[in-house]
Amino acid sequence: MSWLPLSFGTPMVLWGLLALPVIWWLLRLTPPKPQAEVFPPLKILARVLRREETPQQSPWWLTLLRLLMAALVVMALAEPVFNPREKLPAEGAALALVVDNGWASAADWSKRVATAERLITDAGSNGVPVVIAFTAEKPNAEIGPFDASAALGHLRAAKPRPVPPDRPAVYARVAAALERLPGASVAVLADGLAAKGDEAAFKTLLEKNATRLVWVASDRMSLTGLIGADNQVDGFALTAIRAPGDPAPAQVTAGAFDDKGRRIADATLTFAPGEATATATMTVPFELRNDFASIALDGEHQAGAVRVLDESSKRRRVGLLSQTEADQAQPLLSPLYYIRRALQPFADLVEPSSADLADAIPQLLDQKPAMIIMADVGTIPEQVKQRLVDWVDKGGTLVRFAGPRLAAAGNDDDLLPVRLRSGERALGGALSWTTPQAVTEFPKNGPFADLSPPSEVTVSRQVLAEPTPDIVERTWATLADGTPLVTGMKKDKGTLVLFHVTPEATWSTLPISGSFVEMLRRVVQLSRNQGAAIANAEATAASLAPYRMIGADGMLTPPSPDARPLVPGAGPLPVTLENPPGLYGSETGVFAHNLLNASSTFAPLARPQLSLPVTAVPYAFDESENLKGPLVAIALLLMVLDTLAVFWMGGLLARRPRRSAVAAAAAALVVLGGPFGHADLARADDSKPGDAQAIEDISKTRIAYVITGEPGVDAISRAGLEGLTRFLIEKTALEPGPPAGVDIAKDELSFFPLIYWPIDATAPMPSQAAIARIDAYMQQGGTVLFDTRDQFSNGIGAGSASPATERLRDILANLNVPPLEPVPSDHVLTKSFFILPEFPGRFNGSPLWVEASLEASNTENRPVRTGDGVSPIMITANDFAGAWAVDENGDPMLPTVPPDPMQRVYALRAGVNIMMYMLTGNYKSDQVHVPVLLERLGQ
C-alpha cells in the first residue's frame with residue numbers, strides 16, 4: 001500500500017485507527033482530584049451526603065496527547081516506509097546476477113553495489129537462490145547458487161579491477177549454472193562499454209534458460225579516457241576520448257606528475273559538441289617534460305584516465321657511427337667526442353662493435369635507435385644501404401656530419417637532404433673566404449628558429465650544397481654569406497639532417513660551443529622512438545617484474561599477489577588480471593603498460609534485442625527509510641510526557657517547586673555552558689574565575705614574567721621563558737607548564753616560585769602598592785630575578801649607570817633588599833644541576849647578584865657552603881630572556897654577544913641551575929648528601 005512518498009508494509013493494521021474515538025471516550029474520564037479539607041469531620045460528611053460525586057473531565061490536551069500516542073503505535077505496527085522504492089523483478093527459479101567490475105565501473109562502484117543489494121534483498125524475500133558472477137574476476141571464482149545472505153557477502157567482498165571485463169567467458173559459466181535452474185531471471189549490471197564478443201556472450205546467456213532480463217545501466221556514459229601522451233618537439237601532446245554523440249561541450253584538466261607524485265604541469269582538453277576526441281599540449285621545457293612519470297585526468301577516478309610513462313616517453317636511443325678510430329692519446333680529436341658529450345645528458349647512446357660499415361650499420365639498426373649520427377661517413381655499402389633507407393622511411397632520423405670522406409664520396413640522394421658540390425670549400429682555394437665566416441640568424445622554418453645565433457662560432461671550411469629551387473626550404477642554419485651550415489628534410493616518415501662541417505673542431509668552432517649542444521638536442525626531439533629503452537632488459541623477450549600498478553580508481557599502488565611478470569613484444573600488449581596496467585621493471589628502468597592505446601574508443605553497450613520480457617533499472621542508491629523505529633521512539637517519548645503530566649496533576653511535582661526550578665535552571669546552564677568553557681591560559685589574569693585560575697596555576701610549576709606594557713620586551717620575555725621551559729623538559733625531570741605573564745598590581749604572585757622582571761626605562765614606573773606586593777612576595781619565600789639587560793658591572797650603588805639601572809635603583813629603593821654579592825664559586829647555585837663558574841646570558845660579563853651569605857661556611861670540604869638560603873632576589877644585566885628566546889620552530893630569536901654558540905648553551909644551563917635552586921634550595925649542603933656527591937665526583 002503506497003501513498004506518494006509513504007507506504008505501509010501491513011496496511012491492514014491501519015484499521016486500528018478507527019478505535020481512536022473509543023479511546024478518546026475512555027481517556028476523557030479520570031478519577032476526581034483529591035480535595036484538601038479542614039476539620040470538623042462532620043462538615044465533610046454533610047457535604048458528601050448532600051451531593052453526588054461525578055468524575056472530573058480529563059483536560060483536552062492530555063486526551064489529545066494520548067490519542068496521538070495511540071495513533072503513532074498503530075502506524076508503527078503498519079510498518080510505514082518513507083520514499084518507498086519499487087520492488088525489483090527478482091522471481092523465478094533463481095536470480096542470476098552478472099556484474100561488470102572492470103575499470104569502467106570504478107567511478108560509481110558504490111552505486112552499483114547498492115543496486116545489486118536491492119536485487120539480492122528482493123530475491124531473498126521471495127526465497128529465490130542467487131547466482132552472482134563478476135566479469136573481471138578469475139575464471140575459477142565461485143558463482144553459486146547462494147542464499148541471499150551469502151550472495152550479499154560475495155557482493156560486498158568484490159571490488160572493481162583495472163582490467164576490461166571478460167563477458168564471453170563469464171556469461172558462459174553463468175549459462176552453464178542456469179541449466180540446473182531453468183526459468184531464472186537474469187540481471188545484467190553493465191558498465192556501459194561495448195567490447196568484442198558481446199553479441200555472442202548475450203546470446204549464450206539469455207537464449208536458453210532465462211525467462212526475464214533485468215537490464216541495469218547508467219542514464220549516460222560520462223567516462224573520459226587518456227589514449228595518448230607523446231613527448232613532441234614543442235611539448236607533451238595529449239589525446240583524450242569520450243563516448244561519441246554527446247551534444248554538450250566538455251572540458252577536462254590533465255595533470256602531469258613526477259615519480260614522487262608531485263604535480264608539475266597542467267593542460268586543458270576541450271571536447272567540442274558531438275566530438276569524441278580532444279587534444280591539448282603541455283608546453284613546458286624539455287627538462288621538465290623528462291621528469292613526467294604519469295599523466296592523469298582530474299576528477300576521473302578510474303584506470304582509463306591515467307597513463308604511466310617510461311623511458312620511451314623521455315629519452316631517445318641514438319646510434320653513433322664513425323669510420324675513424326678514436327685516438328686514445330688525443331680524445332679531443334675523435335669525431336664522436338663532442339657528440340657524446342652533447343647527447344649523454346638526454347639520450348641513450350649505442351655504438352657498434354665493428355668498424356666495418358657492412359657490419360656496423362645492421363648492428364645499430366638491430367637496437368632500434370630513434371636516431372643515427374654518422375661522423376664523416378663516406379660511401380654506404382650497397383648490401384646495407386637499402387635497410388638504412390627503409391629505416392629512415394619508417395620514421396628514423398639520420399644525422400650526418402661532413403668531412404673529407406663525405407666530400408669525396410659524392411652525392412647520395414637517398415641519404416642526404418641536399419646535393420653537394422664535389423670537394424670542400426676551404427681557405428686558400430678558388431672559393432675561399434678572406435676571413436672565417438660567422439653564423440647568422442637561424443631560418444624561421446627550421447627547428448633552431450628560437451635559438452640565438454652563436455656569435456662566438458666561426459667556420460673556416462665546409463662542404464657546399466648545390467643551389468636548387470628548394471635549398472632555402474631545406475636550410476636550417478646559414479653562414480653570414482648565405483651558404484648553408486645545416487640542412488634537413490623530411491623523407492617519408494623520417495628525417496635527414498646534414499651538418500656541412502666536421503663534428504670535431506677542425507673546420508669550425510661549432511662543436512666546442514654551447515649552441516652545438518642545443519642544436520643536437522633539438523634534432524633529438526625531432527626523432528621518434530623505434531623501441532623502448534628499458535634498463536635491465538637485454539632482449540625484448542626478457543620478462544619484467546611488476547613494479548607499480550594502476551588501481552581501478554586510477555591510483556598507483558604496489559603490485560598485488562596476482563600480478564605476474566610481463567614479456568614485452570611487438571604491438572600493444574593485452575591488459576589482464578595477470579598483467580594489469582602499470583609499470584613493469586625496477587627502480588633503474590621501467591616499461592609502461594597502459595590500459596588504453598592510441599586506437600581505443602568508447603562504444604556504448606547496446607541492450608540485446610531478445611524476445612524476453614525486459615525491465616530497465618537505473619543505478620541508484622536505496623533512499624527509502626523505514627519509519628517504524630522513529631514512530632515507536634516518539635510514542636515512548638509521549639508516554640513519558642503523559643506520566644509526568646499525571647504526576648503533575650496529582651501534585652507530586654509541586655512539593656518543592658522552587659528547588660526543582662533551580663535544579664532545572666542549573667542543569668540547563670551546565671548544558672548550554674559546555675561549549676563556552678574553554679579559555680586561554682596564557683596569563684595569570686585571564687578570563688577564568690579566580691578559583692579555576694588558581695587551580696590551573698598550582699597544578700604545574702610555571703615560571704612567571706612581569707608584564708611591562710612594552711610589546712617588544714614582553715614578547716622576548718615570554719619567548720625566553722618558553723625556550724627555558726623546553727630546555728628544562730629536555731634536560732631534567734621537571735616538566736613546567738607554559739610561562740605566565742603577571743600584572744604585579746593585580747595578579748596573585750604566590751603561585752610562582754620565580755618571577756622574571758625585565759627592567760625597561762621606557763615602561764611605566766610601578767605603583768607603590770605594586771612594589772609593596774612584590775616586597776610581600778619576596779618576604780614569603782618567592783624570588784624575583786631582575787634583569788636590566790645592559791651588562792652593567794659597577795653594581796647598583798652610586799656612580800654612572802644606564803637608564804635601566806637607574807630604574808632598578810628606583811624600584812629597589814622601595815623594597816627591603818638584603819645585602820647582595822656576586823655568586824661565590826662555592827655557592828649552591830654553581831652546582832644545583834650543572835657545574836657553572838659563571839652565569840652568562842645574551843651578554844657575558846655581568847655577575848649574577850644574590851643575597852649575601854654572611855654566616856655561610858664550608859667546613860669539612862663540602863661541595864657547597866652551609867648556611868646558604870634561597871635568595872629572594874637576583875640581579876643580572878646579561879639579558880637571560882634574550883639568550884633563552886626561541887621562535888615556533890625552536891630557533892634562537894636573538895644573537896649572543898659575542899656570537900658564540902656555547903654562550904647560549906651556558907645561558908640555558910644557568911636558567912636550569914636557577915630553577916633547581918628555586919625548587920630544591922640548599923639541599924646539596926646537607927650532610928646527608930655529601931657521601932653520594934663525593935662518590936659521584938670520584939673522590
Side-chain angles (χ1 to χ4, degrees), residues 107 162 223-242 249-272 275 277-317 343 345-348 370 447-451 517-518 520-529 532-534 547-551 553-557 581-583 585 587 589-598 600:
L223 289 176
T224 305
L226 196 59
I227 63 171
D230 300 324
N231 196 350
Q232 297 182 350
V233 177
D234 56 347
F236 230 101
L238 306 179
T239 305
I241 59 173
R242 65 172 180 174
Q251 279 190 342
V252 62
T253 302
F257 302 85
D258 63 8
D259 55 358
K260 295 183 180 179
R262 296 173 298 194
R263 192 181 186 108
I264 54 179
D266 293 299
T268 300
L269 298 95
T270 302
F271 290 94
E275 293 293 332
T277 304
T279 59
T281 300
M282 289 183 175
T283 308
V284 293
F286 177 78
E287 293 81 3
L288 191 60
R289 280 182 274 142
N290 231 11
D291 291 335
F292 289 2
S294 64
I295 298 178
L297 300 179
D298 294 344
E300 293 288 332
H301 304 294
Q302 36 87 7
V306 178
R307 290 193 72 81
V308 290
L309 307 175
D310 55 17
E311 293 300 318
S312 64
S313 300
K314 302 174 185 178
R315 301 163 64 91
R316 302 292 193 270
R317 182 175 292 174
L343 294 180
F346 53 90
D348 293 327
F448 314 137
D450 58 340
L451 295 179
V517 178
E518 289 299 324
L520 285 182
R521 187 189 302 247
R522 299 301 174 89
V523 177
V524 169
Q525 292 180 38
L526 289 176
S527 65
R528 299 175 56 189
N529 270 345
I534 309 169
Y547 180 59
R548 291 287 186 272
M549 302 294 99
I550 301 176
D553 58 354
M555 302 298 291
L556 289 180
T557 62
L583 297 172
E587 293 181 356
V590 292
F591 176 82
H593 183 41
N594 288 297
L595 178 67
L596 304 178
N597 54 52
S600 298

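Counting from 1, the numbers follow the sequence of the chain as shown. All values derive from a computational prediction rather than experimental measurement.
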* Inter-residue atom distance H593.NE2 - I550.CD1, 0.5 Å rounding -> 9.5 Å
* Structure fact -> The side-chain hydrogen bond (donor to acceptor under 3.5 Å, both in side chains) partners of D230 (sequence neighbours excluded) come to none
* Asked: For P581 and L595, which heavy atoms make the closest approach, and how far apart are they?
  -> CB-N, 3.8 Å
* Sort out for me which residue in D258, V308, I264 forms a side chain to side chain contact (heavy atoms under 4.5 Å, CB included) with F292. => I264
* Structure fact -> Hits for salt bridge (Lys or Arg N to Asp or Glu O under 4.0 Å) against D298, two or more places apart or cross-chain, chain-then-number order -> R263
* Please step through salt bridge (charged side-chain N to carboxylate O under 4.0 Å, His left out) for the pair D450 and R522, ending with a clear verdict. => CA-CA 11 Å; D450 58 340; R522 299 301 174 89; 2.6 Å; yes
* Could you state the interatomic distance from CZ (R289) to OG1 (T283), rounded to the nearest 0.5 Å? -> 8.0 Å
* For the residue pair G551 and A303, what are the closest heavy atoms and their distance? -> O-CB, 3.5 Å
* Asked: Say you draw a straight line from CG of D291 to CZ of F257; how long is it, rounded to the nearest 0.5 Å?
  -> 14.5 Å
* To do: Decide yes or no on side-chain contact (heavy atoms from CB on, under 4.5 Å) for N594 and I227, but give the supporting numbers first.
  => CA-CA 9 Å; N594 288 297; I227 63 171; over 6 Å; no
* L596 and L226, any side-chain heavy atoms less than 4.5 Å apart -> no
* Asked: Would you say Y547 and L556 make side-chain contact, with heavy atoms under 4.5 Å?
  -> no
* Asked: Looking at residues at least two apart in the chain, or sitting in another chain, which of them share a side chain to side chain contact (heavy atoms under 4.5 Å, CB included) with L269?
  -> L238, A240, V252, A254, A278, A280, L297
* Asked: Is there a donor-acceptor pair under 3.5 Å between the side chain of D310 and the backbone N or O of F591?
  -> no
* Taking only residues two or more places apart in sequence or in another chain, which ones pass salt bridge (Lys or Arg N to Asp or Glu O under 4.0 Å) with E275? -> none
* Considering non-hydrogen atoms only, spot the tightest contact between A272 and R242 and give its length. => O-NH2, 3.1 Å
* Structure fact -> Between Q251 and T270 the two heavy atoms that sit nearest each other are NE2-OG1, 3.3 Å
* At their closest point, which heavy atom of D266 faces which heavy atom of G255, and how far apart are they? -> OD1-CA, 3.9 Å
* List the atom of A267, the atom of M282, and the distance in Å for their closest heavy-atom pair. => CB-CG, 3.5 Å
* Residue list, side-chain hydrogen bond (donor to acceptor under 3.5 Å, both in side chains) with T268, at least two apart or on another chain -> none
* **Residues forming a side-chain hydrogen bond (donor to acceptor under 3.5 Å, both in side chains) with S600, sequence neighbours excluded** => N597
* F236 and L309, any side-chain heavy atoms less than 4.5 Å apart -> yes
